[in-house]
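Here's the structure, in C-alpha cells; my notes come after.
Numbers restart at 1 for each chain; the letters A, B, ... are given by sequence-line order, proteins then strands.
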Protein chains: 2
Amino acid sequence: MRADKRRRLERAGWSVGDAGDFLGVSAEERRFIDVKLALADGLRRRRERLGLTQTQVAERFGSSQSRVAKMEAAHRSVSTDLLLKSLFRLGASPSDVARLVGQKSRTRAA
Amino acid sequence: MRADKRRRLERAGWSVGDAGDFLGVSAEERRFIDVKLALADGLRRRRERLGLTQTQVAERFGSSQSRVAKMEAAHRSVSTDLLLKSLFRLGASPSDVARLVGQKSRTRAA
DNA sequence: TGATGATATGTCATATCTGACATTGCCTGC
DNA sequence: GCAGGCAATGTCAGATATGACATATCATCA
C-alpha cells in the first residue's frame, strides 16, 4: 500500500498495522473502506465546488464543523449513511453517488 | 406513490403517512431511501442467485436470520453500512454496487 | 391435517454513531 | 510577532444500530 493512502487511513482512525499493512483485513472490508473513502472525497470536492466552508455546510446540515471534518476524513465515527445523506443534501444525484462508488480507488487521488 | 412501494416501505418500518404520502419527506431523504431499498433488493437477489437461505447467509456473516431478513426488507434498524458490507461479503464488486445505487427506483421491481 | 423449512416481526442488552463542545493546528495577511 | 478564519482532533452524553432470541407467518408436501 502506498504511503499516502496509509496516512489517509490512519488519520481517519483506522490504525493500519505498521508492517503487514492490510494483513488480516479481508478483501470485502477493503472494498467497503474504499467506498467510504470515495464518498468522503466526493463530499469534500462537492463542498469545495460549491465554495462553502465546513462551518457553512454544518449549519445547513444542522450539525457541527467537527462532524463535517470527520465526514470528509472518512473517520471511523461516521457511517456511510451519514455520507450518503450529506452528499444528497449537497445536491448529488444517485448517479453521482454511483460514480463515486464504482470508481477505482487509485484514480481517486489528486 | 404506488401501493406496492408504499407497502414495501411500511413493512420496513418507515410508517409512510396514509394520504399525503411523502409530504414532509425531502427529495434528499427520498433519494437516500431509494438507495437503501436498491441495496436491500440487490442483497436478496444475490443471495437467491447463490441459492442460499437467510440462515446460511447469517451463519456466513456471523449474524442471525432475523437480521438478514431485516436487511433484505431495508428495515429502519439496518444501516447502509451493513448492507454494503453484506453485499461485498456475498461477492459483489464495487461496480455491482454502483449499478444498484445508480438505478432508477421504478425499474428495480420484479 | 400436521410437519417441516424458510422467512418475517418484536424486543432487548450492548455496541456504535451523532452532534456538541473545547481545543489544537494551519495558513495568510498584517 | 499575532490575529483572523478555516480545518482537524479528542471527548462525551444521548441517539441509533446490531446481534440474539423468541415467536409468528407462510409455503409446500406427506
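One axis for each end of the helix from C:dT1-D:dA30 to C:dC26-D:dG5, each built from five base pairs, and the angle between them comes to 40° at 10° resolution.
We find that NZ of B:K85 is positioned 12 Å from C1' of C:dC17, with the value rounded to whole Å. Taking atom CG of residue B:D81 and atom C1' of nucleotide D:dA17, one finds them 10 Å apart after rounding to whole Å. For the pair A:R89 CZ and C:dT18 C1', the interatomic distance rounds to 13 Å; values are reported in whole Å. Distance, A:R44 CZ to D:dA8 C1': 9 Å, rounded to whole Å. One can place CG of B:L43 at 14 Å from C1' of C:dT7, the figure rounded to the nearest angstrom. Protein atom NE2 of A:H75 is 10 Å distant from nucleotide atom P of C:dC17, rounded to whole Å. B:E72 has its CD atom 6 Å from the P atom of C:dA8, to the nearest Å. Across the protein-nucleic acid pair, A:L83 atom CG and C:dC17 atom P stand 12 Å apart, rounded to whole Å.
For the segment residues 56-63 of chain B, residues with any heavy atom less than 4.0 angstrom from an atom of DNA chain D are, sorted by number, B:G62, B:S63.
Side-chain N/O atoms of B:R67 include none lying less than 4.0 angstrom from OP1 or OP2 on C:dG10. An OP1 or OP2 oxygen of D:dT18 is reached within less than 4.0 angstrom by no side-chain nitrogen or oxygen of B:R76. Using a 4.0 Å cut-off, some side-chain N or O of B:S79 falls inside it from OP1 or OP2 of D:dT18.
In this structure, of C:dT7, D:dC6, D:dT18, it is D:dC6 that holds the atom nearest to the side chain of A:T53. Candidate nucleotides D:dG19, D:dA7, C:dG19 were compared by shortest atom distance to the side chain of A:L82, and C:dG19 ranks first.
A:A40 and A:M71 get closest at one heavy-atom pair: CB-O, 3.3 Å. Nearest approach of B:S79 to A:D81, heavy atoms of both residues: CB-OD1, 3.2 Å.
Applying the side-chain contact (heavy atoms from CB on, under 4.5 Å) criterion to A:S66, with sequence neighbours excluded, gives A:S64. Judged as a salt bridge (charged side-chain N to carboxylate O under 4.0 Å, His left out), and not counting sequence neighbours, the contacts of A:D96 are A:R46, A:R99. Every side-chain contact (heavy atoms from CB on, under 4.5 Å) that B:Q56 has, sequence neighbours left out, goes to B:L52, B:T53. In terms of the side-chain contact (heavy atoms from CB on, under 4.5 Å) criterion, residue partners of A:Q54 (sequence neighbours excluded) are, by chain and number, A:R44, A:R47, A:Q65, A:V68, A:A69, A:E72.
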Would you list the protein and nucleotides 11-15 of chain C atom pairs, both N or O, that sit under 3.5 Å from each other?
from   : atom 1 : to    : atom 2 : distance (Å)
C:dT11 : O4     : B:K70 : NZ     : 3.2

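Taking only distance into account, the side chain of A:S66 meets the base of C:dC21 through a donor-acceptor pair shorter than 3.5 Å.
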Study note, to complete from the structure: Counting primed atoms, P, OP1 and OP2 as sugar-phosphate and everything else as base, the B/S/- map of nucleotides 23-30 of chain D against protein heavy atoms under 4.0 Å is --------

Exercise for review: Determine, for nucleotides 24-30 of chain C in 5'-to-3' order, which nucleotides have protein heavy atoms under 4.0 Å from the base (write B), from only the sugar-phosphate (write S), or from neither (write -).
Suggested key: -------

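A:V68 comes within contact range of no nucleotide atom at all, as no heavy-atom separation falls under 4.0 Å.
Evaluation of the salt bridge (Lys or Arg N to Asp or Glu O under 4.0 Å) test over residues 49-64 of chain B, restricted to residues two or more places apart or in two chains, returns none.
In this structure a side-chain-to-backbone donor-acceptor pair under 3.5 Å is missing from A:T80 to A:K36.
Looking only at atom types and distance, the side chain of A:R67 has a donor-acceptor partner in the side chain of A:S77 under 3.5 Å away.
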List the atom pairs, donor and acceptor, that lie under 3.5 Å between side-chain atoms in residues 82-90 of chain A and the rest of the protein, sequence neighbours left out.
from  : atom 1 : to    : atom 2 : distance (Å)
A:S86 : OG     : A:L82 : O      : 2.7
A:R89 : NH2    : A:F61 : O      : 2.9

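Going from atom CG of B:L100 over to atom CG of B:L39 covers 6.0 Å, rounded to the nearest 0.5 Å.
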